Amino acid sequence: MKTLFLNPPSFNGFDGGAGSRYQARREVRSFWYPTWLAQPAALVPGSRLVDAPARGLTLEDVLPMAREYELAVLHTSTPSYPSDVKVAEAMKRENPALVIGFVGAHVAVSPEASLSASTAVDFVARNEFDYTIAEVAQGRALSAIDGLSFRDGDRIVHNPERATIENMDALPFVTDVYKRDLVIEDYFIGYLLHPYVSLYTGRGCRSRCTFCLWPQTIGGHRYRTRSPESVADEIGRARDLFPQVKEFFFDDDTFTDDGPRAEEIARRLGRLGVTWSCNAKAIVPYETLKIMKDNGLRLLLVGYESGSQEILNNIRKGTRIDWARRFTEDCHRLGIVIHGTFIVGLPGETPETIEETIRFAREINPHTIQVSLAAPYPGTELYQQAMDNGWFVDSGLVAQDGVQVSSLQYPGLSHGEIFRSLEKFYKKFYFRPKKIAEMTYEMLSSAEMMKRRLREGAEFLRFMTGREDRA
Ligand code: SF4
């Protein structure tokens, strides 16, 4: 079937379902690659991938595409689901013969409800959907495809589960699809060099953090990996396809989970002479960090989450504050840049633990930070805990404009206090002499960095002003 893979238009600037872990409009213009859609697109010859938010496309822009295709696969998320359904309905009106399927964690968790929401959605592909979609595109009967839930007249049918992919090397390169269908300059992440390219070298995470969506839905708790040869082959090819790329990012949940493999990949990347970055847990030994740094590693994206050991224990992070301190010192010593991520409003949070986390962030001093509000996604243990304990406030995960809102509160800590603490966190971290000096020095390092940081600074201040209006 002639197939369109669509990351649908949504809230203005929405870093949507197809790439980001926590879908929302960010403080500064940010877009992750739609890698999850690019992977099945690489399995379907002649298909096309359209990333509407990153391209700035509206519903009017994408509607004519409905008439050009036989199958449309839309990546959805919990925050964008109502709006994605409207896109599907409009496409169905445009071309009633178009078969429309949804993929993503939201429909994997609630296939029945997702299909019941609208007759415009013909099927949903649950969990790991790459080969499920490839088989739909081959024109196989929907009833014969594992991992699929579909509409059969008035009935909704759930086929057996699809086996988890074990041979990750069998998946074709996503970067060929990026080259064919995307404009890589559309993709910005504040802490990555621009333009960057991101991809996965494996799926799944061994940790069991209660809030974390992907390992509890699509990826699972085993780290299933591509071989170092395959990773180096794709990066070598991508370097030739995109000579303008300044940095490659490995978006695996925890790239450093398999230390010897990370070291082996690093050595191969070192021979290619590329600059690269990845996600890491704050427990990587110094020796591994050194090998990665010596072979082109520039930055680590580190989920510290909290400066309170009690909260880390509550969310089953599997790290310790003293380990995180040592790891961060090691990175500073080696010259590895850190973008640290923190979450406010996790179970056990109090005004005191928020202060503790802010103090911790200032003390360990990652180069840049991102502070998020705890987001209880359906399918996670945090969601279930919030249901069981009555922590939800009736707000949804994002506001009308796609900006994250606080959807949890606890006895002694209101959702308003959690919401306001985010701004306090950013101000206390960035508005201090040491950090201002660091950022100024960075801006003076190049005219391009100066331009970029000034733009991001203006976006950040506009965003914060908007939040104050919303609070
Ligand atoms: S270590 Fe990171 S990716 Fe893994 S479960 Fe925890 S938050 Fe998720």
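For clarity, every value in this text was computed on a predicted model and none was experimentally measured. One-based numbering, in listed order, for ligands and for the atoms of each. Both backbone and side-chain heavy atoms feed into the values below; hydrogens, waters and symmetry mates do not.
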- Between the side chains of Ser227 and Arg261, does any donor sit under 3.5 Å from an acceptor? no
- Message: Please classify the Asn279 to ligand 1 contact at 4.0 Å (heavy-atom distances, strictly less than): side chain, backbone, both or neither.
- Response: neither
- Message: Can you tell me which residue among Thr76, Asp84, Asp51 is in a side-chain hydrogen bond (donor to acceptor under 3.5 Å, both in side chains) with Asn7?
- Response: Asp51
- Donor-acceptor pair, side chain of Tyr33 and main chain of Thr175, under 3.5 angstrom: no
- Task: Nearest 0.5 Å please: distance from the SG atom of Cys212 over to the CG atom of Leu382.
- Result: 11.0 Å
- From Thr319, Thr210, Asp253 - option closest to atom 3 (S) of ligand 1 by heavy atom: Asp253
- Message: Distance check below 2.8 Å: does Cys205 bring an N, O or S atom to atom 4 (Fe) of ligand 1?
- Response: yes
- Message: Strictly under 2.8 Å, is atom 8 (Fe) of ligand 1 approached by any N, O or S atom of Cys209?
- Response: no
- Query: With Phe102, which residues qualify under ring pair (Phe, Tyr, Trp, His ring centres under 6.0 Å), at least two apart?
  - Reply: Tyr81
- Below 4.0 angstrom from a heavy atom of Ser207, which ligand 1 atoms are there? Numbered from 1 as shown, please. 1 (S), 4 (Fe), 5 (S), 6 (Fe)
- Message: Within the structure provided, determine whether Arg359 and Glu356 are in side-chain contact (heavy-atom separation under 4.5 Å).
- Response: yes
- Message: When you compare the side chain of Tyr383 with that of Tyr377, does any pair of heavy atoms fall below 4.5 Å?
- Response: no
- Task: Using a 4.0 Å heavy-atom cut-off, say whether Lys317 meets ligand 1 through its side chain, its backbone, both or neither.
- Result: side chain
- Query: Quick one: which ligand 1 atoms are inside 4.0 Å of a heavy atom on Thr254?
  - Reply: 1 (S), 3 (S), 4 (Fe)
- Message: Within the 4.0 Å heavy-atom shell around Cys212, which atoms of ligand 1 are there?
- Response: 3 (S), 5 (S), 7 (S), 8 (Fe)
- Message: Just to be sure I read this right, does ligand 1 sit under 4.0 Å from the backbone of Phe211, its side chain, both, or neither, counting only heavy atoms?
- Response: side chain
